Number of protein chains: 2
Amino acid sequence: MTNPEHYAAARAAGRLNLVPFVSVDHMMALLRAEGVGRALEEIAAHVEADFLRWPDFEKTPRLASHSLEGVIELMPTTDGRDYAFKYVNGHPKNLRDGLQTVTAFGVLADVATGYPALLSEMTILTALRTAAVSALAARALARPESRVMAVVGNGAQAEFQILAFRRLTGVREARLFDLDPWASEKCLRNLAGFDIRATVARTIEEAVEGADVITTVTADKSRAAILTDNMVGAGQHLNAVGGDCPGKTELHPDILRRADIFVEHPEQTRIEGEIQQLAPDHPVTELWRVLAGQAPGRRSREAITLFDSVGFAIEDFSALRWLRGKVAAGAPCLQIDLLADPDEPRDLFGMVRRAGLQPD
Amino acid sequence: MTNPEHYAAARAAGRLNLVPFVSVDHMMALLRAEGVGRALEEIAAHVEADFLRWPDFEKTPRLASHSLEGVIELMPTTDGRDYAFKYVNGHPKNLRDGLQTVTAFGVLADVATGYPALLSEMTILTALRTAAVSALAARALARPESRVMAVVGNGAQAEFQILAFRRLTGVREARLFDLDPWASEKCLRNLAGFDIRATVARTIEEAVEGADVITTVTADKSRAAILTDNMVGAGQHLNAVGGDCPGKTELHPDILRRADIFVEHPEQTRIEGEIQQLAPDHPVTELWRVLAGQAPGRRSREAITLFDSVGFAIEDFSALRWLRGKVAAGAPCLQIDLLADPDEPRDLFGMVRRAGLQPD
């Protein structure tokens with residue numbers, strides 16, 4: 001259906017005011033119906049398709065509002081046809097208060113009309129797309145025979161990471177490490193029944209030694225050095241997910257200097273990623289170029305590859321595009337009355353009056 | 001209730017996932033209950049209170065994504081305690097397709113936790129706050145004895161403007177002009193019963209001659225000169241609402257050169273307002289300074305004052321703050337399941353599994 005036809009049909013049905021809303025419950029129902037592995041795989045495919053047309057997208061730095069305790073960000077992008085943005089916060093101290101450190105929601109809209117087309121929870125969806133992007137990067141950058149991943153930081157993102165690697169790469173074993181043993185045990189429990197061998201390491205060294213892939217996904221908002229130089233060996237692929245805002249890093253800079261570094265959007269990563277610790281002209285490669293065959297990925301079996309992931313708006317765009325397809329195919333959602341829809345666009349006040357407004 | 005108490009109570013009630021959503025229907029019900037004049041007056045009071053603490057706010061240019069046919073914008077701001085943003089589009093050609101040229105929705109969030117606290121339609125709310133700000137500016141800038149306003153452009157914003165001026169200023173008569181007589185007739189009908197004398201002018205000259213206040217609020221996305229220099233006389237107050245993005249203006253630059261110009265946020269207005277037609281250092285006065293007594297407003301009875309209104313994020317913040325008070329006092333809304341709320345913040349995946357996810 002073309003755009004004008006779509007809106008004509010919606011108008012005829014008296015539904016121009018309604019926007020599908022995918023709640024947290026709806027998202028969980030969708031994952032029950034699809035399976036999380038399949039969802040991760042499909043989202044990765046949507047991200048890959050969009051990365052392959054990277055130049056088509058409008059790329060702006062996310063608009064961040066920093067406070068002492070956290071950050072609230074708006075992450076918009078558009079390909080000229082669809083427009084997406086995500087609202088996302090990052091508040092490490094929320095954990096102490098029993099709140100999520102990261103919550104998110106997002107909107108997909110129609111560029112031709114400016115009308116929102118989909119509103120969705122994105123706390124779960126962000127976890128899915130972040131993991132999907134990590135696995136997509138590893139599929140392109142890690143040694144093809146990679147079987148063992150270490151996961152340092154076993155919080156909200158850990159299981160999603162492991163299942164994405166299980167689905168998209170050859171990884172079949174996950175070694176878990178967290179400063180809080182409860183977190184690792186939680187991961188083990190949650191992964192029960194999935195076809196992945198998961199074990200808990202007593203030390204970070206035990207987790208990472210000989211692992212093919214090392215994922216760091218901790219939540220501390222500080223310059224940490226979760227991994228130090230001596231822990232990282234030839235041929236390993238590092239997937240650095242947790243360091244994602246100014247002042248928040250996970251890797252010792254010596255590791256960065258030994259690694260071939262791959263990023264999403266360099267302008268953003270130099271501010272927010274691990275490479276904020278390096279000179280602003282330190283060479284990095286854009287992941288999309290590797291996927292598109294425009295730049296080399298892994299140079300040798302011995303090279304240390306690093307995906308310095310901070311999360312970019314195009315990934316949310318892809319995830320929302322995936323979700324729109326699901327909703328169009330009947331995934332559960334709630335139609336919410338978000339848009340004013342007077343019979344005549346210029347008669348907004350008349351709509352209010354006809355709803356019973358009396359002069360005051 | 002302090003923040004931690006609030007969240008503890010919400011957690012105890014199992015409601016941390018819910019965010020109040022004010023739909024278009026809810027907004028209309030609220031206006032029925034409050035009266036539109038009272039709502040305009042209260043919103044103006046909230047805007048004024050926030051303008052008086054202008055330096056407390058984080059001010060960033062709106063993040064605009066322009067396409068051939070329109071613009072989609074995100075407008076965030078924060079006072080360090082609350083964070084607000086609005087999504088708003090501007091698509092003049094929508095009118096031809098029976099769609100709103102401007103639709104909007106917005107969110108108020110808690111800076112301390114990053115959690116959204118309120119989601120609302122903002123198509124109607126933006127119309128209310130835009131009119132409230134115009135009247136607030138005129139109350140400070142127009143001659144105190146102003147009684148007659150001309151309204152050039154009788155689309156979706158016109159009635160709101162007139163009722164705001166009726167409520168907040170001495171204006172008792174509105175002269176309507178639109179290139180499309182239907183629009184003026186629509187205004188007349190909608191204003192029936194309100195205590196305002198409204199008439200339709202056959203020409204723009206007839207509308208504006210001798211008027212105390214001239215409001216221009218047309219939707220054309222072009223460099224128009226709705227008003228030319230000869231139409232504007234000594235002592236008039238110009239309220240230029242329609243020119244609000246690059247390439248979209250309503251006043252001939254000669255008028256601007258004769259007027260004392262007042263703006264919301266100069267950095268934004270120089271790009272989007274009427275003054276985009278002037279030199280980048282042309283003197284302007286920030287409206288908040290006039291309200292705060294830090295800058296003179298009208299210099300003389302003969303001066304031509306111009307409020308070059310483009311709409312600024314703080315005004316939406318104020319409007320959402322007003323709305324939050326109404327919701328807290330029982331205004332109708334829908335609690336929507338927007339936020340993931342696992343029993344343990346790090347157990348996001350466990351929440352999904354316990355909702356019935358099977359391994360795939």
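Just so you know, these numbers come straight off a predicted model, no measurement behind them. Residue numbers start from 1 in every chain, and the chains themselves are labelled A, B, ... in the order their sequence lines are given, proteins ahead of strands.
Using a 4.0 Å cut-off between charged nitrogen and carboxylate oxygen, A/Arg81 and A/Asp110 do not count as a salt-bridge pair. A salt bridge is absent between A/Lys86 and A/Glu73: the closest approach of a Lys/Arg side-chain nitrogen to an acidic carboxylate oxygen does not fall below 4.0 angstrom. A salt bridge links A/Glu159 with A/Lys186; the closest basic N to acidic carboxylate O contact falls under 4.0 Å.
Most heavy-atom pairs under 4.5 Å with chain B, from the set A/Gly35, A/Ala104, A/Gly80: that is A/Gly35. In terms of non-hydrogen atom pairs under 4.5 Å with chain A, the most contact-rich of B/Arg166, B/Gln358, B/Arg167 is B/Arg167. Among A/Ala355, A/Gly114, A/Ser23, the residue making the largest number of heavy-atom pairs under 4.5 Å with chain B is A/Gly114. Comparing B/Thr123, B/Leu74, B/Leu31 by heavy-atom pairs within less than 4.5 Å of chain A, the highest count is held by B/Leu74. Top candidate by heavy-atom pairs under 4.5 Å with chain A, chosen from B/Asp25, B/Val22, B/Thr78, is B/Asp25. Across B/Cys187, B/Pro116, B/Ala183, the residue that shares the most heavy-atom pairs under 4.5 angstrom with chain A is B/Pro116. Top candidate by heavy-atom pairs under 4.5 Å with chain A, chosen from B/Ala33, B/Ser120, B/Gly37, B/Ala158, is B/Gly37. When B/Leu334, B/Asp337, B/Asn89, B/Val352 are compared by the number of non-hydrogen pairs under 4.5 Å with chain A, B/Asp337 comes out ahead. The choice from A/Ile124, A/Val111, A/Leu63, A/Asp347 that makes the most heavy-atom pairs within less than 4.5 Å of chain B is A/Asp347.
Heavy-atom distances place no part of A/Asp195 under 4.5 Å from chain B, backbone and side chain included. Contact of A/Ser65 with chain B is made through backbone and side chain together, with heavy-atom distances under 4.5 Å. Heavy atoms closer than 4.5 Å to chain B are found in both the backbone and the side chain of A/Arg38. For chain B, the nearby parts of A/Phe349 are the backbone and the side chain; heavy atoms of each come within less than 4.5 Å. Only the side chain of A/Glu58 comes within contact range of chain B, judged by heavy atoms closer than 4.5 Å. The parts of A/Phe194 that come within reach of chain B are both its backbone and its side chain, each placing non-hydrogen atoms under 4.5 angstrom from that chain. In this structure, no portion of A/Gln157 lies under 4.5 Å from any heavy atom of chain B. For A/Val107, the part sitting under 4.5 Å from any heavy atom of chain B is the side chain, from C-beta outward, and nothing else. Residue A/Ala127 touches chain B through its side chain alone, counting heavy-atom pairs closer than 4.5 Å. With a 4.5 Å cut-off on non-hydrogen atoms, A/Arg189 touches chain B through its backbone but not through its side chain. For a residue to count as touching a neighbouring chain, one of its non-hydrogen atoms must lie under 4.5 Å from one of that chain's; by this rule A/Met27 does not touch chain B.
Under the side chain to side chain contact (heavy atoms under 4.5 Å, CB included) test applied with B/His91, the options B/Ile72, B/Asp97, B/Leu99, B/Val71 reduce to a single match, B/Ile72.
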Check the pair B/Leu163, B/Leu191 against side chain to side chain contact (heavy atoms under 4.5 Å, CB included), reporting the backbone distance first and the verdict last.
-> CA-CA 9 Å; B/Leu163 294 175; B/Leu191 292 171; 4.0 Å; yes
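For the 3.5 Å distance criterion, the side chains of A/Asn154 and A/Ser184 qualify, holding a donor opposite an acceptor. A donor-acceptor pair shorter than 3.5 Å cannot be found between the side chains of B/Thr101 and B/Asn94.
A 4.5 Å side-chain heavy-atom check between B/Leu339 and A/Gln100 finds every atom pair outside the cut-off. Within the 4.5 Å cutoff, the side chain of A/Ile336 has no heavy atoms near those of the A/Leu18 side chain. Using a 4.5 Å heavy-atom threshold, the side chains of A/Asp82 and A/Leu320 count as separate.
Between A/Phe85 and B/Phe85, a ring centre-to-centre spacing shorter than 6.0 Å is recorded.
In this structure, A/Phe21 and A/His26 have perpendicular ring planes: the angle between them is above 60°, well past the 30° mark.
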